[in-house]
Trainee: 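The structure follows.
Reckoned from all heavy atoms, side chains included, excluding hydrogens, waters and symmetry mates.
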Amino acid sequence: MQKITNFANSKSKKMKRKSQNDTNLEIYNIDEEGIVVIDNVTKMPEFGQPYLSPHLTVCINHKGVVEGEYDSLPLRFDPLDIAMVYPNHLLTIKQASRDYKMSLVVASMPHFVALSNRYRHLNRFMYESNPLYRLDEDQYLCVKDIVETMRQISKLDVPARKELMSSAFDVLVRMIEFFRQKNAKSQPVNKIRLSTQFYNALVEHCLKERNVDFYAELFHLTTKHFSTTIKQETGYSASHWIRLYVVAQSKMLLRNEPNMSLQDVSVKLGFNNQATMSRFFKRETGMTPSEYRWQFEK
């Protein structure tokens with residue numbers, strides 16, 4: 001499968017922006033169905049707008065290229081790439097080639113929790129700054145066949161349909177992890193990572209608590225040991241993840257809530273005042289909150 005080159009700098013007509021969205025997950029009743037297969041996806045969430053999914057989504061790219069941001073960091077999705085996008089991560093699609101097409105397998109929060117409990121080492125995906133990795137052609141075809149099986153199961157009108165879908169999804173996730181390990185020549189992790197617990201704590205506390213000492217104490221560890229472990233497991237410091245999470249939440253509010261005043265945004269984010277938020281945002285992004293918001297009002 002041929003890759004598209006020089007995508008980031010292309011000004012050609014192959015780039016497109018869309019306001020329509022055929023991946024509106026609300027229409028698929030995911031909470032009721034549990035697991036949903038969405039095929040032939042040619043439109044992602046609205047371009048330039050952050051999307052914070054409450055679901056676990058497996059993305060398989062068949063052809064074409066998509067570019068954007070994942071938790072405010074650059075993201076490029078090429079043919080044969082696969083990604084596991086975990087809940088509460090910020091995805092922003094900026095551009096795509098006209099020929100791109102992918103499949104999504106979306107699982108509800110209860111399935112995500114059950115999966116996390118069964119395969120706890122998979123939770124490290126919560127912390128990877130890039131959720132993508134490449135399959136070879138045979139691996140891609142294997143994953144594609146599993147998704148096809150799930151698609152056929154979803155059409156069955158039998159009492160055991162949801163149970164069968166759950167079992168097939170389990171196979172899909174395990175196969176994806178097997179391929180990842182094989183491709184990376186890595187060994188499986190057999191214990192719950194501290195970084196997984198740290199991420200859950202961030203979601204719960206980060207808008208109020210942004211000191212590394214707080215999270216170290218939360219897990220009854222010294223700050224040095226906590227910080228060293230997070231760096232070893234994720235490749236980034238604990239303070240990096242704290243800042244990244246706050247910046248992602250800030251950008252989402254500034255983009256999606258144009259009528260919310262900067263003072264209200266600062267309160268929502270847990271800052272003492274607007275000036276403190278503005279200094280933090282400028283330091284982390286290189287622009288003020290007003291400047292960031294203004295570029296989406298053009």
Trainee: Under 6.0 Å between ring centres: does that hold for F179 and Y133?
Mentor: no
Trainee: How would you list, by chain and number, every residue that makes a salt bridge (Lys or Arg N to Asp or Glu O under 4.0 Å) with R279, sequence neighbours excluded?
Mentor: none
Trainee: Determine yes or no for a side-chain-to-main-chain donor-acceptor pair under 3.5 angstrom, with E163 supplying the side chain and A160 the backbone.
Mentor: no
Trainee: Do E284 and V246 have side chains that get closer than 4.5 Å, going by heavy atoms?
Mentor: no
Trainee: Say you draw a straight line from SG of C142 to CG of D138; how long is it, rounded to the nearest 0.5 Å?
Mentor: 9.0 Å
Trainee: Looking only at the aromatic ring of each residue, does the gap between the centers of H111 and F169 stay below 6.0 angstrom?
Mentor: no
Trainee: Verify, without hydrogens or angle tests, whether S97 (side chain) and V65 (backbone) share a donor-acceptor contact under 3.5 angstrom.
Mentor: yes
Trainee: Please report the interatomic distance CE(M277) to NZ(K268), rounded to the nearest 0.5 Å.
Mentor: 14.0 Å
Trainee: Under 4.5 Å between side-chain heavy atoms, hopping through other hydrophobics if needed: is there a path connecting F271 to V267?
Mentor: no
Trainee: Measuring from Y100:OH to Q95:CD, what's the distance to the nearest 0.5 Å?
Mentor: 12.5 Å
Trainee: Can you tell me how far the OG atom of S108 sits from the CD1 atom of I35, to the nearest 0.5 Å?
Mentor: 7.0 Å
Trainee: Give a yes or no on whether a salt bridge exists between R174 and E177, defined as a side-chain N under 4.0 angstrom from a carboxylate O.
Mentor: no
Trainee: A quick test of your reading: do over 12 heavy atoms of other residues, nucleotides or ligands sit less than 6.0 Å from CZ of F219?
Mentor: yes
Trainee: Going by atom types alone, do S167 and D170 pair a side-chain donor with an acceptor below 3.5 Å?
Mentor: no
Trainee: Identify whether the distance between the nearest side-chain nitrogen and carboxylate oxygen of K144 and E137 falls below 4.0 Å.
Mentor: no
Trainee: Taking the side chain from T228 and the backbone from H225, do they hold a donor-acceptor pair closer than 3.5 Å?
Mentor: no
Trainee: Please lay out, stage by stage, how H205 and L218 fare under the test side-chain contact (heavy atoms from CB on, under 4.5 Å).
Mentor: CA-CA 11 Å; H205 300 291; L218 196 64; 4.1 Å; yes
Trainee: For S239 and S237, test the side chains for any donor-to-acceptor distance below 3.5 angstrom and give the result as yes or no.
Mentor: yes
Trainee: With a 3.5 Å distance limit and no angle check, can you tell me whether D81 reaches the backbone of L132 through a side-chain donor-acceptor pair?
Mentor: no
Trainee: Measure the spacing between OG1 of T92 and CE of M252 and express it to the nearest 0.5 Å.
Mentor: 10.0 Å
Trainee: A side-chain contact here means heavy atoms from C-beta on lying under 4.5 Å apart; do F280 and V247 qualify?
Mentor: yes
Trainee: To the nearest 0.5 Å, what is the distance between OG1 (T57) and NE2 (H89)?
Mentor: 11.5 Å
Trainee: Would a 4.5 Å heavy-atom cut-off, applied to side chains only, mark Y292 and S250 as touching?
Mentor: no
Trainee: Is any side-chain N of the basic residue among R134 and D78 closer than 4.0 Å to the acidic one's carboxylate O?
Mentor: yes
Trainee: Start with the C-alpha distance between S227 and Y215, add both sets of side-chain angles, then the distance that settles side-chain contact (heavy atoms from CB on, under 4.5 Å), and finish with yes or no.
Mentor: CA-CA 10 Å; S227 300; Y215 295 97; over 6 Å; no
Trainee: Is it true that a side-chain atom of S166 and a backbone atom of K162 form a donor plus acceptor pair closer than 3.5 Å?
Mentor: no
Trainee: Determine the interplanar angle of the Y236 and W241 rings, folded into 0 to 90°, and report it as parallel if under 30°, tilted if 30 to 60°, perpendicular if over 60°.
Mentor: perpendicular
Trainee: Walk me through it: do Q139 and N183 pass the test side-chain contact (heavy atoms from CB on, under 4.5 Å)?
Mentor: CA-CA 10 Å; Q139 293 168 349; N183 295 351; 2.9 Å; yes
